[in-house]
Amino acid sequence: MRFTRLFLNRLLDRDPPRDSVVVIDVLRSFTSAAVALAGGARAIYPVESISEAMMLSARLPRAVSVGAIGGGDPIAGFDFGNTPSALLGADLAGRDMVLTTAAGVRGLQRFRSARRLYAASLVCGRATAEAIRRDGGDEVCFVITGEWVDRDGEEDIACADYIEALLSDRLAPPAEFARRVRLSDFGLRFGRPEWPNLPAADLDIAAEIDRFSFAMPVDREYGLLAIRPSWPHRQPPT
């Protein structure tokens with residue numbers, strides 16, 4: 001198995017990878033997505049624009065809209081911001097969720113033609129590695145979405161390192177990867193008064209390695225992308 005990496009904010013015109021693509025957004029898109037799926041959401045539809053998200057939410061019965069603009073501020077008129085701690089207690093069972101964010105969702109749309117596409121964060125890191133093994137493929141490309149001019153993206157790089165270590169049968173002590181999330185440029189903003197829409201509780205969830213035992217493969221459905229949970233070795237608890 002070969003591994004490559006791309007940084008969403010550095011992409012030039014080039015042929016996209018076609019095999020297995022893992023789009024990573026630890027803070028916070030795909031941590032929020034995992035929390036929603038664990039809370040019983042039926043499916044998550046990641047869409048790139050705010051207007052598209054609003055139209056799709058209106059079409060889907062009882063859909064929940066979740067989103068944020070660059071920097072993490074919530075979108076006016078949406079049910080929730082991109083905040084996993086708020087989603088923990090939400091009534092999501094059996095409901096669809098429409099998700100739009102500045103990084104993770106854009107990455108999924110950019111690489112939607114991959115043979116196998118995954119949304120990933122550290123809360124489902126090991127399950128993602130297991131799903132990649134199960135699904136096969138010769139090359140895995142990790143897409144780092146969190147690097148910007150003012151952010152090092154270390155939280156996403158740590159997630160890529162963790163999944164790659166598991167796939168390579170190397171030691172992967174969870175505490176080290178959790179530490180890297182907390183000390184990333186973006187991680188250090190959480191819980192500070194000047195960043196009121198970045199609660200410390202979100203960082204605590206995002207740094208909880210393997211909190212969930214499902215992966216988040218992304219499928220194509222009637223022209224949309226759809227994320228549903230996948231348990232590599234067992235069915236979800238009843």
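In this text the structure is predicted, and so the values were computed from the model without any measurement. Positions are given from 1, in the same order as the sequence printed here.
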Out of curiosity, [X] [atom1] to [Y] [atom2], how far, rounded to the nearest 0.5 Å?
X: Ser51; Y: Leu56; atom1: OG; atom2: CG; value: 11.0 Å
X: Leu167; Y: Glu130; atom1: CG; atom2: CD; value: 10.0 Å
X: Ser49; Y: Arg106; atom1: OG; atom2: CZ; value: 13.5 Å
X: Arg28; Y: Leu203; atom1: CZ; atom2: CG; value: 10.0 Å
X: Ile69; Y: Ile50; atom1: CD1; atom2: CD1; value: 7.0 Å
X: Thr31; Y: Ile205; atom1: OG1; atom2: CD1; value: 8.5 Å

Are the side chains of [Y] and [X] in contact, using a 4.5 Å heavy-atom criterion?
X: Tyr45; Y: Met97; value: no
X: Pro217; Y: Leu117; value: no
X: Glu147; Y: Glu155; value: no
X: Thr83; Y: Leu87; value: no
X: Asp96; Y: Val64; value: no
X: Arg228; Y: Met216; value: no
X: Arg95; Y: Pro61; value: no
X: Leu6; Y: Cys141; value: yes

Verdict with supporting geometry, Ile132 and Ile163, side chain to side chain contact (heavy atoms under 4.5 Å, CB included)
CA-CA 10 Å; Ile132 292 169; Ile163 296 172; 4.2 Å; yes

Looking at [Y] and [X], is any side-chain nitrogen of the basic one under 4.0 Å from a carboxylate oxygen of the acidic one?
X: Arg179; Y: Glu154; value: no
X: Arg5; Y: Asp156; value: no
X: Asp185; Y: Arg180; value: no
X: Arg189; Y: Asp150; value: yes

Please report the closest heavy-atom contact between [X] and [Y], naming both atoms and the distance.
X: Phe214; Y: Ala34; answer: CZ-O, 3.3 Å
X: Ala114; Y: Asp19; answer: CB-O, 3.7 Å
X: Ile209; Y: Pro174; answer: CG1-O, 3.6 Å
X: Phe80; Y: Ala86; answer: CE2-O, 4.1 Å
X: Ser113; Y: Arg18; answer: OG-NH1, 2.8 Å
X: Gly104; Y: Ser29; answer: N-OG, 4.0 Å

Phe78 and side chain to side chain contact (heavy atoms under 4.5 Å, CB included): which partner among Val66, Leu99, Thr100?
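Looking at Val66, Leu99, Thr100, the match for Phe78 under the side chain to side chain contact (heavy atoms under 4.5 Å, CB included) is Thr100.
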
Ser57: which residues meet the side chain to side chain donor-acceptor pair (under 3.5 Å) condition with it, sequence neighbours left out?
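Ser57 satisfies side chain to side chain donor-acceptor pair (under 3.5 Å) with no residue once adjacent residues are dropped.
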
In chain order, what residues pass the side chain to side chain donor-acceptor pair (under 3.5 Å) check against Arg116, with sequence neighbours excluded?
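Arg116 satisfies side chain to side chain donor-acceptor pair (under 3.5 Å) with Asp135, Asp219 once adjacent residues are dropped.
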
Would you say [X] and [Y] are hydrophobically clustered, going by side-chain heavy atoms of ILVMFWY under 4.5 Å?
X: Leu122; Y: Val35; answer: no
X: Val105; Y: Val218; answer: yes
X: Ile157; Y: Leu8; answer: no
X: Val181; Y: Leu198; answer: yes
X: Val140; Y: Leu166; answer: yes

Test Asp204 against Arg211 for salt bridge (Lys or Arg N to Asp or Glu O under 4.0 Å), laying out the working first.
CA-CA 11 Å; Asp204 291 340; Arg211 177 184 178 118; over 6 Å; no

Stepwise side chain to side chain contact (heavy atoms under 4.5 Å, CB included) check, Ser213 with Arg126
CA-CA 8 Å; Ser213 58; Arg126 183 174 294 274; over 6 Å; no

For a side chain to side chain donor-acceptor pair (under 3.5 Å) check, start with the C-alpha distance between Asn82 and Thr101, then their side-chain angles and the critical distance, and finish with the verdict.
CA-CA 8 Å; Asn82 180 26; Thr101 62; 5.2 Å; no

With a 3.5 Å cut-off and no angle check, do the side chains of [X] and [Y] form a donor-acceptor pair?
X: Glu139; Y: Thr4; answer: yes
X: Tyr162; Y: Glu176; answer: no
X: Ser184; Y: Arg151; answer: no
X: Arg115; Y: Ser20; answer: yes

Donor-acceptor pair, side chain of [X] and main chain of [Y], under 3.5 angstrom:
X: Ser121; Y: Phe30; answer: yes
X: Ser168; Y: Glu164; answer: yes
X: Asp202; Y: Ser85; answer: yes

Checking Asp91 against Arg62 for the side chain to side chain contact (heavy atoms under 4.5 Å, CB included) test, could you report, in this order, the C-alpha distance in whole Å, the side-chain angles of both residues, the deciding distance, and whether it holds?
CA-CA 11 Å; Asp91 176 19; Arg62 299 183 66 241; 4.1 Å; yes

Does the structure place the NZ or CZ of Arg10 under 6.0 Å from the centre of the six-membered ring of Phe7, at an angle of no more than 45° from the ring's axis?
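Ring-cation test returns yes.
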
Could you label the plane-to-plane angle of the Phe186 and Phe190 rings as parallel, tilted or perpendicular, counting under 30° as parallel and over 60° as perpendicular?
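It falls in the perpendicular class, over 60°.
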
With sequence neighbours excluded, what pairs up with Tyr118 under the ring pair (Phe, Tyr, Trp, His ring centres under 6.0 Å) test?
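Applying ring pair (Phe, Tyr, Trp, His ring centres under 6.0 Å) to Tyr118 gives none.
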
Dump the intermediate steps for side chain to side chain contact (heavy atoms under 4.5 Å, CB included) on Asp25 and Val23, then the final yes or no.
CA-CA 7 Å; Asp25 192 333; Val23 179; 5.9 Å; no

Arg112 vs Gln109, test: side chain to side chain donor-acceptor pair (under 3.5 Å). Steps then yes/no.
CA-CA 5 Å; Arg112 62 185 298 151; Gln109 294 293 342; 2.6 Å; yes

